[in-house]
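Below: the structure, in structure tokens.
These figures come from a predicted structure and were not determined experimentally.
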Amino acid sequence: MSVLVAKQDHVATVTLNRPDARNALSRDVNERLIAIAAELAADDDVRVCIITGAGEQAFCAGADLKERKGVTAAQTAPYLEAIAGACNAWAGLAKPTIAAMNGSAYGGGLELALACDFRLGVVGSEVGLTEVRLGIMPGAGGTQRLPRIVGVAAAKELIMLGRRISNERAAAMGVLNEVAPRGEFAALVQRYVDDLLACAPLSVKMAKAAIERGLHLPLAEALAVERASYEVTLFSEDRNEGLAAFAEKRPPRFSGK
């Protein structure tokens with residue numbers, strides 16, 4: 001299978017399983033990622049979604065250019081729709097998403113990671129949106145999501161110069177949340193998972209929604225979005241459980257309701 005899905009303890013781990021192709025995003029892989037995102041959205045037992053790659057060389061090398069060899073410009077629409085659709089599907093998940101970037105990420109691979117809430121990398125790997133060096137440009141969200149994460153100046157440096165940068169510098173710029181040596185990478189990912197699972201799932205969902213819906217609204221409208229999201233949590237069972245657990249000095253048992 002080109003994409004693997006494993007679910008355990010409220011966590012879904014999706015693995016790009018093409019290590020010999022550096023986990024490149026073929027049309028089949030992208031269509032699978034779209035379908036998997038819909039499946040995870042509907043699975044109430046899943047509270048955290050992780051996407052990672054097989055092997056240690058690459059998280060994802062980007063679009064499968066070998067697959068597109070011989071495809072004319074006029075014939076590329078289905079491939080572009082598939083890769084953009086995969087990134088948009090992961091960006092649209094209401095649940096928290098983690099890109100566990102086990103290796104380097106270029107082009108569409110980095111765009112897929114940018115569609116996630118958290119990006120964690122390995123020391124010694126690198127990232128880049130290098131499309132301008134191939135006569136094209138990012139087309140799966142890179143020109144829009146990266147500036148929203150790191151700011152316009154840094155995004156222009158990476159996109160318009162087509163630079164590859166180390167994960168260490170990517171973390172300093174804000175492209176990645178954190179990096180760790182390979183031997184400590186699994187523990188880093190697990191720490192994020194544990195922190196997310198310790199929080200009320202409805203609260204995490206509504207906080208994510210408030211951030212994303214209010215991001216580009218005028219402040220007064222954005223504050224109204226926040227208030228409406230807050231009130232969903234205010235009248236929830238999890239809010240009552242959180243207060244009871246605090247009073248009783250015990251870990252809360254959140255139900256997501």
Leu80 reachable from Leu114 in the ILVMFWY side-chain graph, under 4.5 Å edges: no

Any side-chain heavy-atom pair of Glu111 and Glu131 under 4.5 Å: yes

Min side-chain heavy-atom separation Val175-Ile149 under 4.5 Å: no

Main-chain N/O of Ala58 paired to Ser104 side chain as donor or acceptor, under 3.5 Å: no

Cluster check Ile165, Leu129: I/L/V/M/F/W/Y, side chain < 4.5 angstrom: yes

CD-CG distance between Gln190 and Asp195, expressed to the nearest 0.5 angstrom: 10.0 Å

Donor-acceptor pair, side chain of Arg32 and main chain of Val3, under 3.5 angstrom: yes

Shortest non-hydrogen contact from Ile50 toward Ala100: CG2-CB, 3.9 Å

Intermediate values then yes/no, side chain to side chain contact (heavy atoms under 4.5 Å, CB included), Phe185 and Leu120: CA-CA 8 Å; Phe185 181 64; Leu120 308 176; 4.0 Å; yes

CD-OG distance between Glu168 and Ser125, expressed to the nearest 0.5 angstrom: 8.5 Å

Least distance between heavy atoms, Gln144 atom then Arg148 atom: O-NH1, 2.8 Å

Gap between atom OG of Ser229 and atom CZ of Arg213 - 0.5 Å precision: 6.0 Å

Smallest separation among heavy atoms of Ser2 and Asp28, with atom names: OG-OD2, 2.8 Å

Distance, nearest 0.5 Å, that separates OG1 of Thr52 from CG of Asn17: 11.0 Å

CZ/Arg227: more than 12 non-hydrogen atoms of other groups inside 6.0 Å: no

Shortest non-hydrogen contact from Ala105 toward Phe59: CB-CD2, 3.8 Å

Taking every non-hydrogen atom, the tightest pair across Ala24 and Val29: O-CG2, 4.2 Å

Single hit among Asp117, Ile51, Val193, Val11 for side chain to side chain contact (heavy atoms under 4.5 Å, CB included) with Ile98: Val193

Gap separating the OG1 atom of Thr130 from the CD1 atom of Ile159, nearest 0.5 angstrom: 11.5 Å

Residue that, paired with Lys7, satisfies side chain to side chain contact (heavy atoms under 4.5 Å, CB included) out of Asp45, Val14, Leu40, Thr13: Leu40

Close side-chain approach of Ser236 to Met206, heavy-atom, < 4.5 Å: no

Atom pair CG/CZ of Asn167 and Arg119 - distance to nearest 0.5 Å: 12.0 Å

Exceeds 12 heavy-atom contacts within 6.0 angstrom, atom CG of Asp44: no

Donor-acceptor pair, side chain of Asp43 and main chain of Glu39, under 3.5 angstrom: no

Any side-chain heavy-atom pair of Arg18 and Leu25 under 4.5 Å: no

Cluster link Leu202 to Phe254, ILVMFWY, side chain under 4.5 Å: no

Lys95 atom NZ, over 12 foreign heavy atoms within 6.0 Å: yes

Chi angles and distances behind the side chain to side chain contact (heavy atoms under 4.5 Å, CB included) call for Leu110, Met101: CA-CA 9 Å; Leu110 179 53; Met101 301 165 68; 4.3 Å; yes

Steps toward side chain to side chain contact (heavy atoms under 4.5 Å, CB included) verdict (Thr97, Lys208): CA-CA 11 Å; Thr97 53; Lys208 175 176 177 175; 4.3 Å; yes

Note, Arg239 side chain near Thr233 side chain (heavy atom, < 4.5 Å): no

Contact check, side chains of Tyr192 and Pro96, non-hydrogen atoms, under 4.5 Å: no

Shared hydrophobic cluster, Leu158 / Leu112 (ILVMFWY, side-chain heavy atoms < 4.5 Å): yes

Heavy-atom pair with the smallest gap, counting every atom of Asn102 and Arg182: O-NH1, 2.8 Å

Heavy-atom side-chain contact between Glu178 and Phe118 under 4.5 Å: no

Any side-chain heavy-atom pair of Val204 and Arg47 under 4.5 Å: no

Sidechain-backbone polar pair: Asn23 side chain, Ala54 backbone, donor-acceptor under 3.5 Å: yes

Shared hydrophobic cluster for Val5 and Trp90 (ILVMFWY, side-chain gaps under 4.5 Å): yes

